[in-house]
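Take a look at the structure below.
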Amino acid sequence: LLFSRCISGIQMLSVQPDTKPKGCAGCNRKIKDRYLLKALDKYWHEDCLKCACCDCRLGEVGSTLYTKANLILCRRDYLRLFGVTGNCAACSKLIPAFEMVMRAKDNVYHLDCFACQLCNQRFCVGDKFFLKNNMILCQTDYEEGLMKEGYAPQVR
């Protein structure tokens, strides 16, 4: 499929001694190993199901592979080649498609940029943050801003 993306699962199966050996979709030889992989409705030697870019063995890097433009790819290379990039809402610099990000509503941030935009406090898992006028704020700065505007936040 030239212009579409396919995400497919990879299954590792043990070869039953009493079954006829299956042909490998990668090398066309019979699979006589103890284990084989099933992906894209075909059978593969563990060594033959590899990413077209980095040659990593896809059965070892996860249970998912990606196909596009007749390429079989790992997740990282698929995102590097075909993923959507965007700009960080805090620093406006480009975020590569394979990079981990933080999201707040429609905004996307580099992990290092996801901090209070007034005091630069980094957020830990479980910390509250607030999005006001498209700025990320810590609870203290958010509440101080509300006080300056003439009304206090409701504490429960």
Side-chain angles (χ1 to χ4, degrees), residues 1-139 142:
L1 299 172
L2 191 56
F3 295 107
S4 65
R5 171 182 73 144
C6 175
I7 303 173
S8 178
I10 301 171
Q11 294 176 293
M12 180 174 276
L13 305 171
S14 58
V15 176
Q16 303 302 315
D18 55 344
T19 60
K20 181 181 172 194
K22 300 187 180 337
C24 174
C27 68
N28 294 319
R29 293 194 309 266
K30 297 287 181 198
I31 302 172
K32 298 177 182 175
D33 302 347
R34 187 172 176 193
Y35 296 99
L36 59 81
L37 299 176
K38 183 177 181 185
L40 303 171
D41 293 324
K42 298 175 184 172
Y43 296 97
W44 308 78
H45 288 106
E46 290 179 82
D47 287 337
C48 291
L49 187 59
K50 297 188 289 190
C51 175
C53 284
C54 70
D55 262 356
C56 72
R57 291 171 36 150
L58 294 172
E60 291 179 356
V61 297
S63 59
T64 305
L65 63 81
Y66 294 76
T67 59
K68 186 167 180 170
N70 295 325
L71 296 172
I72 297 174
L73 301 165
C74 66
R75 180 179 188 276
R76 181 179 173 91
D77 284 325
Y78 173 81
L79 290 174
R80 186 175 57 79
L81 293 171
F82 302 109
V84 178
T85 59
N87 291 337
C88 176
C91 73
S92 300
K93 291 181 183 167
L94 189 70
I95 302 174
F98 58 83
E99 191 171 303
M100 297 287 285
V101 297
M102 293 297 292
R103 295 181 186 275
K105 294 196 177 181
D106 293 332
N107 296 343
V108 182
Y109 303 87
H110 294 107
L111 291 180
D112 288 341
C113 293
F114 194 70
C116 178
Q117 289 176 288
L118 291 179
C119 70
N120 293 321
Q121 174 190 329
R122 299 284 309 269
F123 297 106
C124 297
V125 175
D127 286 350
K128 284 186 180 179
F129 69 90
F130 298 84
L131 196 59
K132 181 154 175 72
N133 299 329
N134 235 14
M135 287 179 59
I136 308 169
L137 301 173
C138 66
Q139 188 164 5
Y142 175 74

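If you're wondering where the values come from, they're calculated on a predicted model, not measured in any experiment.
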Report summary line: When rounded to the nearest 0.5 Å, the distance separating SG of Cys48 from CG of Leu37 is 9.5 Å
Query raised in the report: Hey, does the side chain of Trp44 reach the backbone of Ala39 with a donor-acceptor pair shorter than 3.5 angstrom?
Result: yes
Check: residues 91-106 side-chain donor-acceptor pairs under 3.5 Å, at least two apart:
none

Query raised in the report: Stepwise, does the side chain to side chain contact (heavy atoms under 4.5 Å, CB included) test hold for Cys51 with Ile72?
Result: CA-CA 6 Å; Cys51 175; Ile72 297 174; over 6 Å; no
Query - From SG (Cys138) to CG (Asn120), nearest 0.5 Å - result: 10.0 Å
Report task. Please examine the side chains of Arg122 and Asp112, heavy atoms only from C-beta on, and report whether any two atoms are closer than 4.5 Å. Result -> yes
Report task. Mind checking the CG-CG spacing from Leu137 to Leu131? Nearest 0.5 Å is all I need. Result -> 8.0 Å
Query raised in the report: Is there a donor-acceptor contact under 3.5 Å from the side chain of Gln117 to the main chain of Ile136?
Result: yes
Query raised in the report: Heavy-atom distance under 4.5 Å between the side chains of Val108 and Cys88, does that happen here?
Result: no
Query - Any residue meeting salt bridge (charged side-chain N to carboxylate O under 4.0 Å, His left out) with Asp127, in chain and number order, not counting sequence neighbours - result: none
**Report entry** Rounded distance (nearest 0.5 Å) linking atom CG of Asp47 with atom CD of Glu60
**Finding:** 8.0 Å
Query raised in the report: Can you tell if the side chain of Cys24 reaches within under 4.5 Å of the side chain of Arg29, non-hydrogen atoms only?
Result: no
Query raised in the report: Given side chains that start at C-beta, do those of Tyr66 and Lys68 come closer than 4.5 Å, heavy atoms only?
Result: no
Query raised in the report: If you measure from CG on Leu36 to CD on Gln11, what distance do you get to the nearest 0.5 Å?
Result: 10.0 Å
Requested in this report: Please check if atom CZ in Arg76 has more than 12 non-hydrogen atoms from other residues, nucleotides or ligands closer than 6.0 Å.
Outcome: no
Query raised in the report: Does any non-hydrogen side-chain atom of Lys30 lie less than 4.5 Å from one of Lys22?
Result: no
Query - Closest non-hydrogen atom pair between Pro21 and Ile31, with its separation - result: CB-O, 3.8 Å
Query - Minimum side-chain heavy-atom gap Lys38-Ile10 below 4.5 Å - result: no
Report task. To the nearest 0.5 Å, tell me how far Leu73 CG sits from Cys54 SG. Result -> 8.5 Å
Query raised in the report: Side chains of Tyr78 and Leu65: does their closest heavy-atom pair fall under 4.5 Å?
Result: no
Query raised in the report: Just wondering, do His45 and Cys27 contact through their side chains at under 4.5 Å, heavy atoms?
Result: yes
**Report entry** Set of ring-ring contact (aromatic ring centres under 6.0 Å, His included) partners for Phe114, sequence neighbours left out
**Finding:** Tyr109, Phe123, Phe129
